[in-house]
*Asks:* 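One structure, as C-alpha cells, below. Some questions next.
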Amino acid sequence: MSRIGLSLENVRVLVLEDDYFLATDLEDALTAKGVIVLGPFPDMAGAVRALAAERPDCALVDINLGNGISFDLPRELARRSIPFAFVTGYDRAVIPDEFADMRRMEKPVAAGKVIELVEGLLAAEPA
C-alpha cells in the first residue's frame with residue numbers, strides 16, 4: 001500500500017548528516033509531519049548504533065561526513081533491505097553503479113521535497 005498522501009505519523013527515519021544546519025532543517029521538516037527522527041547523526045558510528053537498536057522505516061544519507069566519501073552505511077542499509085536516499089552535494093557521477101537506481105536529492109533541500117522523498121521511499125517499500 002502506498003503511503004503517499006497518508007500520515008507520516010510515527011514513521012521512523014534515520015538521518016545521517018554532518019552539517020548542523022541542514023541536519024536541523026531535515027529534522028524540523030520531518031518532525032512537523034509526525035516523523036520520528038533517528039538522529040540526525042553527524043557520523044557513521046552514531047548511525048550504526050541506532051541501526052543496532054532499532055530498525056528505521058527508511059533513511060536519508062549524506063555520503064561525505066567530513067572524512068571523505070563513504071558508502072559503508074548505504075551498503076549496510078541495502079543489506080538490511082531498508083530503503084534510503086542520498087542527500088548530497090555531489091553529482092550522480094560519484095555514486096557507485098551498485099546504487100545507480102537509488103533516489104538522490106541535491107543540497108540544499110526544501111522541506112516539502114524532503115517529505116516527498118520520504119513518501120517515495122515508503123511507497124517503494126514492499127508491502
Side-chain angles (χ1 to χ4, degrees):
M1 176 167 111
S2 171
R3 294 191 189 188
I4 292 180
L6 298 179
S7 172
L8 293 179
E9 193 76 29
N10 296 320
V11 168
R12 293 173 319 277
V13 178
L14 184 141
V15 176
L16 178 64
E17 173 57 62
D18 66 327
D19 180 277
Y20 173 81
F21 296 107
L22 181 54
T24 301
D25 288 348
L26 290 170
E27 183 177 28
D28 290 347
L30 293 167
T31 56
K33 292 293 185 177
V35 170
I36 298 168
V37 175
L38 307 180
F41 298 102
D43 58 43
M44 181 72 175
V48 169
R49 282 192 301 275
L51 276 178
E54 102 179 80
R55 180 183 170 86
D57 295 299
C58 65
L60 302 176
V61 180
D62 184 10
I63 59 173
N64 187 340
L65 302 175
N67 298 325
I69 297 172
S70 171
F71 292 94
D72 292 341
L73 186 65
R75 286 187 180 103
E76 183 60 22
L77 292 167
R79 188 184 74 73
R80 294 177 184 223
S81 299
I82 297 169
F84 66 92
F86 296 111
V87 178
T88 182
Y90 289 94
D91 64 23
R92 193 163 295 282
V94 173
I95 309 290
D97 289 343
E98 69 189 284
F99 299 121
D101 294 334
M102 302 309 293
R103 288 176 169 88
R104 185 179 137 283
M105 185 169 284
E106 288 188 24
K107 296 177 184 178
V109 180
K113 294 295 182 186
V114 169
I115 299 308
E116 288 176 16
L117 182 61
V118 169
E119 288 174 335
L121 289 169
L122 297 173
E125 221 176 20

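Just so you know, these numbers come straight off a predicted model, no measurement behind them. Any value given below was found using the heavy atoms of this structure, including those in side chains, with hydrogens, waters and symmetry copies removed.
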*Asks:* Is there a side-chain contact between Leu60 and Val114 (heavy atoms, below 4.5 Å)?
*Replies:*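 Yes. Closest side-chain heavy atoms under 4.5 Å.
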*Asks:* Would you say Glu17 and Glu27 make side-chain contact, with heavy atoms under 4.5 Å?
*Replies:*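 Sidechains of Glu27 and Glu17: no contact.
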*Asks:* Under a single-linkage definition using a 4.5 Å side-chain heavy-atom cutoff for Ile, Leu, Val, Met, Phe, Trp and Tyr, are Met102 and Leu65 assigned to the same hydrophobic cluster?
*Replies:*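 Linked, Met102 and Leu65 end up in one cluster.
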*Asks:* With distance as the sole test, does Arg12 use its side chain to make a donor-acceptor pair with the main-chain N or O of Arg55 at under 3.5 Å?
*Replies:*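 Such a contact is found between Arg12 side chain and Arg55 backbone.
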*Asks:* Honestly curious: do Val61 and Val109 fall in one hydrophobic cluster under the side-chain, below-4.5 Å linking rule?
*Replies:*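 No; tracing contacts between hydrophobic side chains, which count when under 4.5 Å, never links both residues.
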*Asks:* Are Arg104 and Asp91 ion-paired here, with the side-chain N under 4.0 Å from a carboxylate O?
*Replies:*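 Between Asp91 and Arg104 there is no salt bridge, as every charged N stays at least 4.0 Å from the carboxylate O atoms.
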*Asks:* Distance from Ile69 atom CD1 to Thr88 atom OG1, nearest 0.5 Å?
*Replies:*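 Output value for this atom pair is 7.5 Å.
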*Asks:* Side chains of Asp62 and Asp18, heavy atoms from C-beta outward: is any pair under 4.5 Å?
*Replies:*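 With C-beta onward as the side chain, the pair touches.
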*Asks:* Around Lys107, counting heavy atoms of other residues, nucleotides and ligands shown, do more than 12 lie under 6.0 Å from its NZ?
*Replies:*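 Enclosed.
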*Asks:* Can Arg49 and Glu54 be counted as an ion pair, charged N to O under 4.0 angstrom?
*Replies:*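 Salt bridge absent between Arg49 and Glu54.
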*Asks:* Tell me if a side-chain donor or acceptor on Arg80 pairs with a main-chain N or O of Leu51 at a distance below 3.5 Å.
*Replies:*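 Yes; at least one donor-acceptor contact below 3.5 Å.
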*Asks:* Between Lys33 and Glu9, does at least one N-O distance fall below 4.0 Å, as a salt bridge requires?
*Replies:*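 The answer is no: the pair does not qualify as a salt bridge.
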*Asks:* Enter the distance from Phe84:CZ to Asp57:CG here, rounded to the nearest 0.5 Å.
*Replies:*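 That separation rounds to 15.5 Å.
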*Asks:* Honestly curious: do Phe41 and Met105 fall in one hydrophobic cluster under the side-chain, below-4.5 Å linking rule?
*Replies:*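 Per the 4.5 Å side-chain linkage, Phe41 and Met105 are not co-clustered.
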*Asks:* Under 4.5 Å between any side-chain heavy atoms of Val87 and Leu16, yes or no?
*Replies:*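 Val87 vs Leu16: side chains apart.
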*Asks:* Tell me, do Leu73 and Leu14 make a side-chain contact under 4.5 Å, heavy atoms counted?
*Replies:*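 Yes. Closest side-chain heavy atoms under 4.5 Å.
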*Asks:* Return the minimal non-hydrogen interatomic distance between Arg92 and Ala100, and the atom names on each side.
*Replies:*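 Of all heavy-atom pairs spanning Arg92 and Ala100, the closest is NH1-O, 3.6 Å.
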*Asks:* First locate atom CG of Leu38, then atom SG of Cys58, and finally report the distance between them rounded to the nearest 0.5 Å.
*Replies:*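 Separation between the atoms: 9.5 Å.
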*Asks:* Should Tyr90 and Ile95 count as side-chain neighbours, where that means a heavy-atom distance under 4.5 Å?
*Replies:*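 Answer no - side chains too far apart.
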*Asks:* On the 0 to 90° scale, with breaks at 30° and 60°, tag the Phe86-Phe71 ring pair as parallel, tilted or perpendicular.
*Replies:*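 If you compare the ring of Phe86 with that of Phe71, the planes turn out perpendicular.
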*Asks:* Any side-chain heavy atom of Pro56 sitting closer than 4.5 Å to one from Ile82?
*Replies:*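 Contact flag for Pro56/Ile82 side chains = yes.
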*Asks:* Between Pro42 and Pro40, what is the shortest heavy-atom contact and its length?
*Replies:*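 Of all heavy-atom pairs spanning Pro42 and Pro40, the closest is CD-O, 3.8 Å.
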